[in-house]
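One structure is given here, and the rest of the page talks about it.
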There are 2 protein chains.
Amino acid sequence: MPKQTFFNLPEEKKQTLIEAAKKEFSRVSLYKASISNIIKTSGIPRGSFYQYFDNKEDVFFFLLNEHAKERQKKFLFLLKETDGDIFETVTILYKSMLKKSQNQENRDFFRNAFLNMNYKIENIYTKELDKSHINKQFKKISHLINTSKLNINNDNELFHAIKIIMAVTFHNLVQSYAKEIAYDDAVEYFTLEMNLLKKGLYKHDDL
Amino acid sequence: MPKQTFFNLPEEKKQTLIEAAKKEFSRVSLYKASISNIIKTSGIPRGSFYQYFDNKEDVFFFLLNEHAKERQKKFLFLLKETDGDIFETVTILYKSMLKKSQNQENRDFFRNAFLNMNYKIENIYTKELDKSHINKQFKKISHLINTSKLNINNDNELFHAIKIIMAVTFHNLVQSYAKEIAYDDAVEYFTLEMNLLKKGLYKHDDL
DNA sequence: TATTATAAATGACACAGTGTCACAAGTCAA
DNA sequence: TTGACTTGTGACACTGTGTCATTTATAATA
C-alpha cells in the first residue's frame with residue numbers, strides 16, 4: 001500500500017503521479033517497468049517517490065486494486081440486478097472488461113498485467129490447446145479422447161471442453177502452490193470440481 | 001532458446017549450469033533471480049553465460065519447457081492408457097504434479113514459477129472466493145446467488161462452482177488479451193463455455 | 001510574532017546487476 | 001605450423017535501485 005504521505009498529496013500532484021505510472025505500466029510489464037521512467041515523466045524527485053511508495057510493485061498493485069475494487073462493486077451490484085444469476089453476472093462483467101479495453105491505454109495496461117508470467121507459463125502448459133496451434137497437436141489429443149461418455153456434439157465443443165478442464169486444473173494447481181494446501185485436501189477439492197464439471201452446474205429441467 | 005554453444009558443452013558443465021539455475025529459480029522468482037548468482041554458484045564466467053543464453057528468461061523457460069515436455073508426453077500416454085478418459089488423465093496428472101512437489105526444490109521452483117504475477121493478480125480478482133477470506137465476503141456473494149436454478153447441493157459445492165466459473169472467466173480474459181481475439185469471437189467462445197458449464201460435460205445416463 | 005517540533009521534499013551517492021566487447025585461448029583442417 | 005574459426009573471459013560502461021543527510025515547509029504553542 002502507498003504510504004499516508006501519498007494520500008495527503010494535493011489532488012493534482014497525485015494525479016500526475018498516477019498518470020505517469022499508468023503510462024509506464026502500459027508501456028511495459030511490471031517486470032520491465034522502471035521507477036526512473038515514472039519519476040522522469042512525472043517530474044517528481046526520486047526521494048519523493050520513495051516517500052510515497054515502497055517500490056514499483058507498490059504503485060502497480062495500487063493501480064490494479066483500484067480496478068479490482070470497482071469490479072467487485074459491480075459484481076455485487078449485478079448479482080442483485082440479475083436476481084442472483086451468476087452466469088449472467090459473469091457474462092456482463094466479462095463483456096464490460098472487454099469493452100473497457102477498447103481504450104488503448106487500458107488495453108495495454110491489462111495486457112501487460114495479465115501476460116507477464118501468467119500467459120507465458122500457462123501457454124507452455126496449454127499451448128497444445130491454443131487456437132493458433134490448432135493443427136496436429138490438438139488433433140493428436142482430441143483423437144485420443146473417448147467422446148462416447150461426453151455430452152459433446154462436435155469438435156468445436158470438444159475443444160472448449162478441454163480448455164475448461166485445463167483451466168480448472170491449472171487454477172487448482174496454482175492455488176495449491178499459493179496456499180500450501182495439504183495433498184489430500186487438494187485432491188478432494190479437485191475431485192469435487194471435476195465432478196461438478198461432469199454433471200453440470202444447471203438443473204437439467206432448466207435447460 | 002539456449003544457443004547451440006550451450007548444447008555443445010560437455011555434459012558435466014551443462015549440468016552444473018542447470019543445477020545453479022534451478023537453485024536460483026527455486027530461491028526466488030524469475031523476477032528477482034539474478035544471473036550474477038547463477039554464475040557465482042556455477043563458477044562460470046559472465047561472458048560465457050552470455051555465450052550460452054540470451055538472458056535469464058532464456059534459462060528459465062528452458063528449464064520450464066523441459067518439465068512441460070515431460071508432462072505433455074505423459075498426457076498423451078495417459079490418454080491412451082485410460083482409453084481416452086480425459087477426466088481420469090487430468091486427475092492422474094494433477095496428482096503426479098502434486099507428488100512431484102513433495103521434493104522441496106521442485107516445490108519451490110514451481111511455486112516461484114506459478115506465483116509471481118499469476119497468483120498476485122488472480123488473487124486480487126478472486127480473493128473474495130479465497131478460502132482464507134471465506135468470511136463475510138464469500139457469504140455476501142453466495143447469499144446473493146439464486147441457487148434455485150443450480151444443480152448444487154450445499155454451500156461447499158456452491159463455493160467450488162463459483163471457483164470454476166471464475167477460473168474459466170479469468171482464463172478467457174487472459175486468452176483474449178494474449179491473442180488479440182476480436183470482441184465478437186471472444187464473447188462467442190465465452191458463451192459456448194458457459195453453456196458447457198451449465199449443461200455439464202458428461203452424458204447424464206453415465207453418471 | 002517568534003520558537004520549536006514534526007512532516008515532507010530533495011538529489012547525491014553507494015551499491016547491485018546487466019550486457020558488451022576486445023582480447024586470449026582453444027580446436028581443427030590443410 | 002599456419003591460419004580460420006569457435007569459444008572463453010573479465011573489465012567496463014551503463015542503467016536502475018533504495019538510502020540518507022540535509023533542506024524546506026507546515027503547524028502548533030508560547
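The sequence lines fix the lettering, A, B, ..., with proteins before strands; numbering per chain opens at 1.
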* Mind calculating the distance between OH (B:Tyr31) and P (D:dG16) to the nearest angstrom? => 14 Å
* Hey, is the side chain of B:Ser48 poking within less than 4.0 Å of OP1 or OP2 on D:dT7, counting only N and O atoms? -> no
* Under 4.0 angstrom between A:Arg46 side-chain N/O and D:dT17 OP1 or OP2 -> yes
* **Per A:Asn8 side chain, nearest of listed nucleotides C:dA8, D:dT9, C:dG11** => C:dA8
* Take atom NZ in A:Lys95; do more than 12 heavy atoms of anything else shown fall under 6.0 Å from it? -> no
* To do: Can you figure out which of C:dT18, D:dT17, D:dG10 approaches the side chain of B:Ile35 most closely?
  => C:dT18
* To do: Name the nucleic acid region contacted by A:Tyr52, choosing base, sugar-phosphate or nothing; use a 4.0 angstrom heavy-atom cut-off, strictly under.
  => sugar-phosphate
* Take atom CD1 of B:Ile39 and atom P of C:dG19, then tell me their distance rounded to the nearest Å. => 11 Å
* Below 4.0 angstrom from OP1 or OP2 of C:dT18, is there any side-chain N or O of B:Asn55? -> no
* To do: Would you classify A:Thr5 as touching base, sugar-phosphate or nothing, given that sugar-phosphate means primed atoms plus P, OP1 and OP2, and contacts are heavy atoms under 4.0 Å?
  => sugar-phosphate
* Remember a base hit wins even if backbone is also touched, and classify B:Ser34 as base, sugar-phosphate or nothing at under 4.0 Å, heavy atoms. => sugar-phosphate
* Asked: Looking across every strand, which nucleic acid part, if any, lies under 4.0 Å from B:Lys13 by heavy atom: base, sugar-phosphate, or nothing?
  -> sugar-phosphate
* To do: Look at the aromatic rings of B:Phe190 and A:Tyr94 and report parallel, tilted or perpendicular, splitting at 30° and 60°.
  => parallel
* To do: Write down the distance between CG (A:Asn37) and P (D:dG16), rounded to a whole number of angstrom.
  => 7 Å
* Structure fact -> Atom CZ of A:Phe49 and atom C1' of D:dT17 are separated, to the nearest Å, by 11 Å
* Which class fits the ring pair B:Phe62 and B:Phe7: parallel under 30°, tilted 30 to 60°, perpendicular over 60°? -> perpendicular
* B:Tyr202 six-ring centre to A:Lys198 NZ/CZ under 6.0 Å and within 45° of normal -> yes
* To do: May I ask you to say what B:Leu9 touches in the nucleic acid, namely base, sugar-phosphate or nothing, with a heavy-atom cut-off under 4.0 Å?
  => sugar-phosphate
* Please state how far atom NZ in B:Lys3 lies from atom P in D:dG8, giving the value in whole angstrom units. => 12 Å
* To do: State whether the distance check finds a donor on one side and an acceptor on the other, under 3.5 Å, for side chain A:Gln51 versus base C:dA8.
  => no
* Expressed in angstrom and rounded to an integer, what is the separation of B:Asp58 atom CG from C:dG19 atom P? -> 11 Å
* Asked: Once you round it to whole Å, what is the distance between P of D:dT7 and CZ of B:Phe7?
  -> 14 Å
* Find the distance B:Glu24:CD to C:dA16:P and express it as a whole number of Å. => 15 Å
* Would you check if the distance from the ring center of A:Phe109 to the ring center of A:His67 is below 6.0 Å? => yes
